[in-house]
Amino acid sequence: MEIKNKIEAILLLGGDEVKIRELCKFFSIPLEEMLKILEELKNDRRETGINIEIDGEVVSLATNPICGEIINDFFQQESKPKKLSGAALETLSIIAYRQPITKGEIEAIRGVSVDRIIQNLEEKKFVRVCGKKEAVGRPNLYEVTDKFLSYIGIRSIEELPNYFEVKGSSEDGRD
């Protein structure tokens with residue numbers, strides 16, 4: 001059996017996330033080689049229902065955003081998914097359009113603290129820390145995840161409506 005198939009099986013049963021270094025140790029493979037294998041696996045799965053998500057030091061399985069609509073349709077017949085608050089959606093919109101962005105920059109735009117909102121969005125895995133800003137205090141930089149894109153039914157950030165067109169249409173009354 002090919003190593004990529006073995007890794008997929010481990011990811012399926014590994015729960016939410018599997019540490020990449022644990023895979024390296026188990027298969028006796030250097031980190032660089034494991035990352036190459038994971039990237040190949042990610043590319044192999046790009047047009048399937050299940051994707052590979054590599055996030056820092058962990059790897060996991062995730063549904064493909066292209067399947068978002070069918071997944072929502074299937075599960076909505078049983079129960080409505082928990083909706084996001086207006087504040088959470090506003091914060092997500094800011095992150096999506098301005099990413100990478102710091103919590104302080106989001107708060108400057110919104111005019112209120114976003115500590116709890118960011119924490120909730122991280123727990124839902126809709127946003128993640130993607131680095132540190134080269135500034136005083138080295139604050140975290142945030143970006144939206146593929147899970148968020150799937151939630152709103154798009155594949156990539158490029159599919160978001162043009163910010164200036166949306167902003168312009170709401171200001172002149174054309175909604």
Side-chain angles (χ1 to χ4, degrees), residues 4 7-8 10-11 14-27 29-47 50-68 84-164 166-167:
K4 289 194 278 186
I7 291 170
E8 268 186 320
I10 290 170
L11 292 176
D16 288 343
E17 301 172 336
V18 174
K19 292 183 179 174
I20 296 172
R21 292 200 185 274
E22 287 179 11
L23 290 171
C24 292
K25 185 176 176 183
F26 181 78
F27 288 106
I29 294 176
L31 179 62
E32 298 77 29
E33 189 176 335
M34 180 58 71
L35 290 172
K36 183 180 175 198
I37 291 168
L38 291 172
E39 281 297 329
E40 286 175 14
L41 186 56
K42 182 177 181 174
N43 288 331
D44 292 350
R45 305 231 31 100
R46 192 169 306 277
E47 296 300 321
I50 303 294
N51 283 354
I52 304 297
E53 191 169 287
I54 303 167
D55 187 14
E57 298 178 359
V58 296
V59 59
S60 60
L61 296 177
T63 56
N64 191 327
I66 62 175
C67 299
L84 294 171
S85 69
L89 286 171
E90 183 178 327
T91 302
L92 278 165
S93 297
I94 292 167
I95 295 169
Y97 281 103
R98 302 271 179 106
Q99 66 184 349
I101 188 169
T102 66
K103 189 168 42 167
E105 292 166 336
I106 298 166
E107 289 171 343
I109 293 167
R110 290 204 59 232
V112 295
S113 172
V114 294
D115 288 335
R116 186 71 186 133
I117 294 170
I118 294 286
Q119 184 179 357
N120 288 338
L121 294 173
E122 283 183 297
E123 287 170 8
K124 290 181 187 327
K125 300 203 182 287
F126 280 2
V127 299
R128 69 172 159 241
V129 174
C130 62
K132 299 271 189 186
K133 185 168 185 170
E134 294 297 327
V136 177
R138 298 199 21 93
N140 288 335
L141 288 167
Y142 293 93
E143 66 182 3
V144 296
T145 64
D146 287 343
K147 184 173 182 180
F148 167 68
L149 297 178
S150 178
Y151 178 82
I152 62 171
I154 62 174
R155 292 174 126 189
S156 71
I157 205 77
E158 289 77 27
E159 291 182 37
L160 284 172
N162 181 300
Y163 171 78
F164 295 105
V166 172
K167 182 179 178 203

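For the pair Lys125 and Glu17, the salt-bridge criterion is met [side-chain N within less than 4.0 Å of a carboxylate O]. Salt bridge present: Arg138 and Glu134 bring a charged side-chain N and a carboxylate O closer than 4.0 Å. At a threshold of 4.0 Å, the pair Arg98-Glu105 does not count as salt-bridged, since none of the basic side-chain nitrogens sits closer than that to a carboxylate oxygen.
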- [ ] I would like to know whether Ile54 and Ile20 meet side-chain contact (heavy atoms from CB on, under 4.5 Å); could you show each step before the answer?
- [x] CA-CA 9 Å; Ile54 303 167; Ile20 296 172; 4.0 Å; yes
TODO: Would you sort out whether Leu84 and Lys124 count as a side-chain contact (heavy atoms from CB on, under 4.5 Å), showing the intermediate values?
DONE: CA-CA 10 Å; Leu84 294 171; Lys124 290 181 187 327; 3.6 Å; yes
Open item on the list: Under the criterion salt bridge (charged side-chain N to carboxylate O under 4.0 Å, His left out), I'd like the reasoning laid out for Arg128 against Glu122: C-alpha separation, chi angles, the key distance, then a yes or no.
Closed with: CA-CA 6 Å; Arg128 69 172 159 241; Glu122 283 183 297; over 6 Å; no
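A donor-acceptor pair under 3.5 Å is absent between the side-chain atoms of Asp146 and the main chain of Glu53, judged by distance alone. A donor-acceptor pair is defined here as one N or O able to donate and one able to accept, closer than 3.5 Å; no such pair exists between the side chain of Glu33 and the backbone of Pro30. Side chain of Gln99 to main chain of Val144: a donor-acceptor pair is present (N/O by atom type, distance under 3.5 Å, no hydrogens or angles).
Contact record, Ile52 with Lys42: O-CG, 3.4 Å, taken as the closest heavy-atom pair.
Taking CD1 of Ile101 as the start and OG1 of Thr91 as the end, the distance is 10.0 Å to the nearest 0.5 Å.
When side chains are defined from C-beta on, Leu92 counts as touching Phe148, because their heavy atoms get closer than 4.5 Å.
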